[in-house]
There are 2 protein chains.
Amino acid sequence: MARLPVYLRALTTLSEQGTATCSSEHLAAAAGVNSAKLRKDLSYLGSYGTRGVGYDVDYLRYQIAREIGVTQDWPVVIVGIGNLGHALANYSGFRSRGFRVVALLDADPRRHEEVVAGVDVRPFDDLEQIVRDHSVAIGVIATPALAAQDVADRMVGCGITSILNFAPTVLSVPEGVDVRKVDLSIELQILAYHEQRKTHGATT
Amino acid sequence: MARLPVYLRALTTLSEQGTATCSSEHLAAAAGVNSAKLRKDLSYLGSYGTRGVGYDVDYLRYQIAREIGVTQDWPVVIVGIGNLGHALANYSGFRSRGFRVVALLDADPRRHEEVVAGVDVRPFDDLEQIVRDHSVAIGVIATPALAAQDVADRMVGCGITSILNFAPTVLSVPEGVDVRKVDLSIELQILAYHEQRKTHGATT
DNA sequence: CTCGGTTTGTTCTCGCGTTCACAAACTCCT
DNA sequence: AGGAGTTTGTGAACGCGAGAACAAACCGAG
């Protein structure tokens, strides 16, 4: 489920606040979902709660982390070190959740001298070797739209099976490869759409 | 609908390629959706196609742009000029779609000397004045999680009704205020989840 | 003018996710 | 020990979006 990471984050916050135990209602409020939905999601993983009491925060947190897979280390490569690539490489939320950026790749030779977030930028052609050496399964595409499909093809070609795509393009990949896409401008456009309906009045 | 921006982007690409007319099947392939779903979405806006022919690319593009609201100019403020804030301020996809970054705000005084993407960074306390002067309706939060709720409250307080939140927190806002959230690490965690199930084998 | 080919707009059905509601189970107090 | 109160886990109904299928409409050729 796509909500497990949200629960995990809420549990981490609760744990840091010193809460040892919490009810489904409490956790649901912290995660911003319905309590029934939360209980059903959790029951899908197994019975980790105690009736009349609630859930043990740390225990449940570990169980969800294990289910998601963030107890292990995930090596990640980032391709495209523009503004967004920089931001992603420096994003602390990755490392703290088990994702380790093992390489930054860019096709532009002028960037190969840079060192970003303690990792130096390497030529895109090193992809195959890096993926092999570190057993990378997850790739991040932060290139312009035109290069994205080529990068995806190369990634798939050397065994990457999960891609996070920030380029504004629809990637076509073979079956068995997961692609998640994040398009920043689309999010703003959705907001603008609702905003327009709010102020301008619905013409129905 | 949340798919309209995707259609708009696909239509723009088609238009740049010189395509004057396209069928729902063709456009659906470019947008990565089912053709029946596409037709249903478009019919929701009105009958802009011609049976037996298809859709006029530029005409449909304008109609969708108008429906979303990107034909007008949307002033936007960005709060929090860390790595992500920098990337957002420099992101060309915003300006090209009618979003104009009118101000960059940060609570840290050391950043107030910087100029990012041609806009200089100003103190967070200038928020009210900027929002009033430019009639800002959309705010972007790129601060750490702890500051996000306070920033959101201030934004709501001075009349902002749409918020794009990059901080890993659930924001609570009054009715009538739209919040969309983008959490980069959650996307990676979802990929890791599927990745784990792929390689490790489903224990069902 | 008529007919065949093509494509849109729409209706209908199906399946999934969400939500309500309730029984089972646990704790605490008396 | 027993009962009241609380909270989980789950069964059932509801609603909604997705996909397939079909009728209406348009173009072009003869």
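Residue numbering restarts at 1 for every chain, and letters A, B, ... go by the order of the sequence lines. Since this is a predicted model, take the numbers as computed values, not measurements.
Taking atom OH of A/Tyr55 as the reference point, atom P of C/dC26 lies 14 Å away to the nearest angstrom. The interatomic distance linking B/Asn34 (CG) with C/dG15 (C1') rounds to 15 Å, in whole Å.
Residue B/Val101 forms a side-chain contact (heavy atoms from CB on, under 4.5 Å) with just one option from B/Val140, B/Ile78, B/Val116, and that option is B/Ile78.
With a cutoff of under 4.0 Å to any heavy atom of chain A, the contacted region of DNA chain D is bounded 5' to 3' by D/dT6 to D/dA12.
Between B/Val53 and B/Thr21, the shortest heavy-atom contact is O-CG2, 4.1 Å. Nearest heavy atom pair, residue A/Lys198 against residue B/Gly176, reads NZ-O, 3.1 Å. Residue A/Thr169 comes nearest to A/Ala148 through the heavy atom pair OG1-CB, 4.3 Å, listed as atom of the first residue, atom of the second, then distance. When all heavy atoms are compared, the tightest approach of B/Gly32 to A/Val170 is CA-CG1, 4.1 Å.
Between B/Phe99 and B/Ile138, some side-chain heavy-atom pair lies under the 4.5 Å cut-off.
Listed in residue order, the members of residues 2-23 of chain A having a heavy atom less than 4.0 Å from DNA chain D are A/Ser23. The stretch residues 60-69 of chain A does not touch DNA chain C, since none of its heavy atoms comes less than 4.0 Å from the strand.
Remark: B/Gln189 CD to A/Arg9 CZ distance equals 9.0 Å, nearest 0.5 Å. From B/Asn83, atom CG reaches atom OG of A/Ser92 across 9.5 Å, with rounding to the nearest 0.5 Å. Annotation: the span from B/Thr143 atom OG1 to B/Phe166 atom CZ amounts to 11.5 Å, rounded to 0.5 Å. A/Leu105 CG to A/Met155 CE: the interatomic distance, rounded to the nearest 0.5 Å, is 7.5 Å.
Listed by chain and residue number, B/Arg111 satisfy the side chain to side chain donor-acceptor pair (under 3.5 Å) test with B/Glu114 (two or more places apart in sequence, or in another chain). Under the side chain to side chain contact (heavy atoms under 4.5 Å, CB included) criterion, A/Glu25 pairs with A/Ser23, A/Ser35, not counting sequence neighbours.
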Which pairs, protein N/O on one side and nucleotides 10-13 of chain C N/O on the other, fall under 3.5 Å?
{"residue": "C/dT11", "atom": "O4", "partner": "B/Lys40", "partner atom": "NZ", "Å": "3.4"}

Audit row: B/Val6, B/Val33, side-chain contact (heavy atoms from CB on, under 4.5 Å) steps and yes/no: CA-CA 10 Å; B/Val6 181; B/Val33 299; 5.8 Å; no
